[in-house]
Amino acid sequence: MQESRLFKILYHLLEKGQTTAPKLAEEFEVSVRTIYRDIDALSEAGIPVYTEAGRNGGIRLMNHFVLDKSILSGEEKQEILMALQSVTAVQNIKGSRTLQKLSAMFHLDSENWLEVDFSRWGNQEPDNEKFELLKSAVIHCRNVKIHYAGASGTIDERIVQPYKLSYKSNAWYLKAFCTKKQNWRIFKLNRILDFKILNEHFPRRSVLEEPDVFKKEYREITLQFPKETAYRIYDEFDPTQIRCLADGNFIVSVKMPEDAWLTGFLLSFGAQVDILAPADLKKTIAKQAKLIYEKNKT
């Protein structure tokens with residue numbers, strides 16, 4: 001507790017220039033005697049803080065003292081500012097008071113190096129607003145009523161207890177406890193068509209590790225692509241999963257969850273993917289492709 005108060009006193013002096021013991025005592029709800037002990041502790045720690053008696057006296061720091069010269073290297077200052085910029089960007093905050101204060105304290109410019117936009121192309125505000133509201137529901141443990149477009153083709157109404165927002169493979173997901181199913185579920189944010197944050201609160205669950213429902217079964221698959229698809233291959237797969245053949249074509253070996261999403265994903269490549277293994281997945285894709293053909297032939 002004292003360590004936290006000492007830093008706050010130091011920051012207060014850096015920001016205000018000078019103050020008095022009674023004002024600090026009132027600010028931190030301690031006695032004046034405690035404040036003087038804190039000043040002595042700061043002085044013993046090497047912080048050039050001193051007191052002056054008289055009408056215009058008070059507690060001051062020596063002129064030109066800056067915190068970074070005593071504690072942080074230049075590299076450490078940059079790392080702190082960059083970390084705060086990352087948090088600011090992901091939280092979608094327009095300007096951070098903390099970041100501005102630290103930049104001034106460190107005597108460094110905090111140029112933004114990162115920008116995060118949660119919206120889809122051509123859809124500016126709704127996706128960003130959805131993310132911010134669901135984030136608030138996670139933090140404050142508020143139940144959320146959602147209408148969700150499931151993989152089965154139905155749109156269901158659910159009341160969920162949000163646990164975590166998770167980013168995976170170019171998409172955001174909400175991990176939540178579904179009160180209807182009485183189990184954990186994952187909801188893709190783009191498929192949450194509308195939602196309402198309820199006034200009902202739920203107790204924060206003590207989850208030491210993610211429930212098994214969050215850990216899908218992965219299966220090794222081997223795919224071959226022509227060289228013309230290089231732009232998309234590197235969009236979708238990690239370079240360590242890709243092997244370039246002598247003729248310029250590609251072999252991709254990757255573990256992926258075997259579900260309806262995988263079928264749609266592979267079909268999105270059309271005739272430009274050849275499934276080398278497993279054989280049953282090749283049959284599944286061929287069957288789906290045939291159904292598409294029968295449905296759309298003239």
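Positions are given from 1 along the sequence. FYI, side chains are in, hydrogens and waters are out, and symmetry mates aren't considered; it's all heavy atoms of this structure.
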Answer yes or no: is there a side-chain heavy-atom contact under 4.5 Å between Leu134 and Val138? no
Report yes if some heavy atom in the side chain of Gln18 is under 4.5 Å from a heavy atom in the side chain of Ile59; otherwise report no. no
For the atom pair CG (Asn190) and NZ (Lys130), what is the distance rounded to the nearest 0.5 Å? 6.0 Å
List in chain and number order the residues that pass side chain to side chain contact (heavy atoms under 4.5 Å, CB included) with Lys196, two or more places apart in sequence or in another chain; answer none if no residue qualifies. Leu198
Within-4.5 Å side-chain heavy-atom neighbours: Ile146 and Leu193: no
Which pairs count as ring pair (Phe, Tyr, Trp, His ring centres under 6.0 Å) when at least one residue sits in residues 268-298, sequence neighbours excluded? Phe225-Phe269, Phe265-Phe269
Met256-Leu276 co-clustered via ILVMFWY side chain contacts under 4.5 Å: no
Would you mind checking if Lys135 and Glu132 are paired as a salt bridge, meaning a charged N to carboxylate O distance below 4.0 Å? yes
For Leu266 and Leu223: C-alpha separation, side-chain torsions, deciding distance, then whether side-chain contact (heavy atoms from CB on, under 4.5 Å) applies. CA-CA 10 Å; Leu266 293 176; Leu223 311 168; 3.9 Å; yes
Just checking, is any N or O donor in the side chain of Arg232 or Thr229 under 3.5 Å from an acceptor N or O on the other one? no
Which donor-acceptor pairs under 3.5 Å do side chains of residues 282-290 form with protein atoms, sequence neighbours excluded?
from   : atom 1 : to     : atom 2 : distance (Å)
Lys282 : NZ     : Asp274 : OD1    : 2.8
Lys282 : NZ     : Ile275 : O      : 3.1
Thr284 : OG1    : Asp280 : O      : 3.0

Qualifying residue, where the test is ring-ring contact (aromatic ring centres under 6.0 Å, His included) with Phe177 and the options are Phe202, Tyr163, Trp184: Trp184
Are Val252 and Leu281 grouped together when hydrophobic residues (ILVMFWY) are joined by side-chain heavy atoms under 4.5 angstrom apart? yes
Could you check whether any side-chain heavy atom of Lys180 comes within less than 4.5 Å of a side-chain heavy atom of Glu157, counting everything from C-beta outward? no
Test side-chain contact (heavy atoms from CB on, under 4.5 Å) applied to Ser253 and Gln241, step by step: CA-CA 5 Å; Ser253 297; Gln241 301 165 335; 5.9 Å; no
At their closest point, which heavy atom of Leu189 faces which heavy atom of Phe131, and how far apart are they? CD2-CD1, 4.2 Å
Roughly how far apart are Asn143 CG and Asn199 CG, rounded to 0.5 Å? 10.0 Å
Grouping I, L, V, M, F, W and Y whenever their side-chain heavy atoms are under 4.5 Å apart, do Ile155 and Phe195 come out in a common cluster? no
Could you check whether any side-chain heavy atom of Ser136 comes within less than 4.5 Å of a side-chain heavy atom of Arg142, counting everything from C-beta outward? no
Spacing of CD1 belonging to Ile39 relative to CZ belonging to Arg60, to within rounding of 0.5 Å: 13.0 Å
Under 3.5 Å donor-acceptor, Tyr148 side chain and Lys188 backbone: yes
Under the side chain to side chain contact (heavy atoms under 4.5 Å, CB included) rule, collect the residues that match up with Ala25, sequence neighbours excluded. Val32, Ile35
Reported CD-to-NZ distance for the pair Glu200 and Lys145, which is rounded to 0.5 angstrom: 9.0 Å
Polar side-chain atom of Asn249 near backbone of Leu245 as donor-acceptor pair, under 3.5 Å: no
Counting only heavy atoms not in Glu29, do more than 12 fall under 6.0 Å of its CD? no
ring-ring contact (aromatic ring centres under 6.0 Å, His included) against Tyr36, all qualifying residues, sequence neighbours excluded: none
Specify the closest pair of heavy atoms between Val160 and Pro162, including all atoms of both residues, with the distance to one decimal. O-CD, 3.4 Å
Are side-chain heavy atoms of Pro278 and Ile221 found at a separation under 4.5 Å? yes
Identify, with sequence neighbours excluded, every residue that meets ring-ring contact (aromatic ring centres under 6.0 Å, His included) alongside Tyr173. none
Is it true that Ile197 and Trp172 fall in one hydrophobic cluster, defined by side-chain heavy atoms closer than 4.5 Å? yes
Test side-chain contact (heavy atoms from CB on, under 4.5 Å) on Leu24 and Thr20 and set out the steps. CA-CA 6 Å; Leu24 288 176; Thr20 64; over 6 Å; no
With side-chain contact (heavy atoms from CB on, under 4.5 Å) as the test, would you mind laying out the steps for Leu267 and Ile292 before giving the verdict? CA-CA 10 Å; Leu267 284 170; Ile292 293 172; 4.1 Å; yes
Can you find a heavy atom in the side chain of Val144 that is under 4.5 Å from one in the side chain of Ile192? no
For Pro226 against Phe250, the heavy-atom pair lying closest together: O-CD1, 3.9 Å
At what distance, to the nearest 0.5 angstrom, does CG of Leu174 lie from CZ of Arg185? 13.5 Å
If you round to the nearest 0.5 Å, how far is CD of Glu220 from NZ of Lys255? 6.0 Å
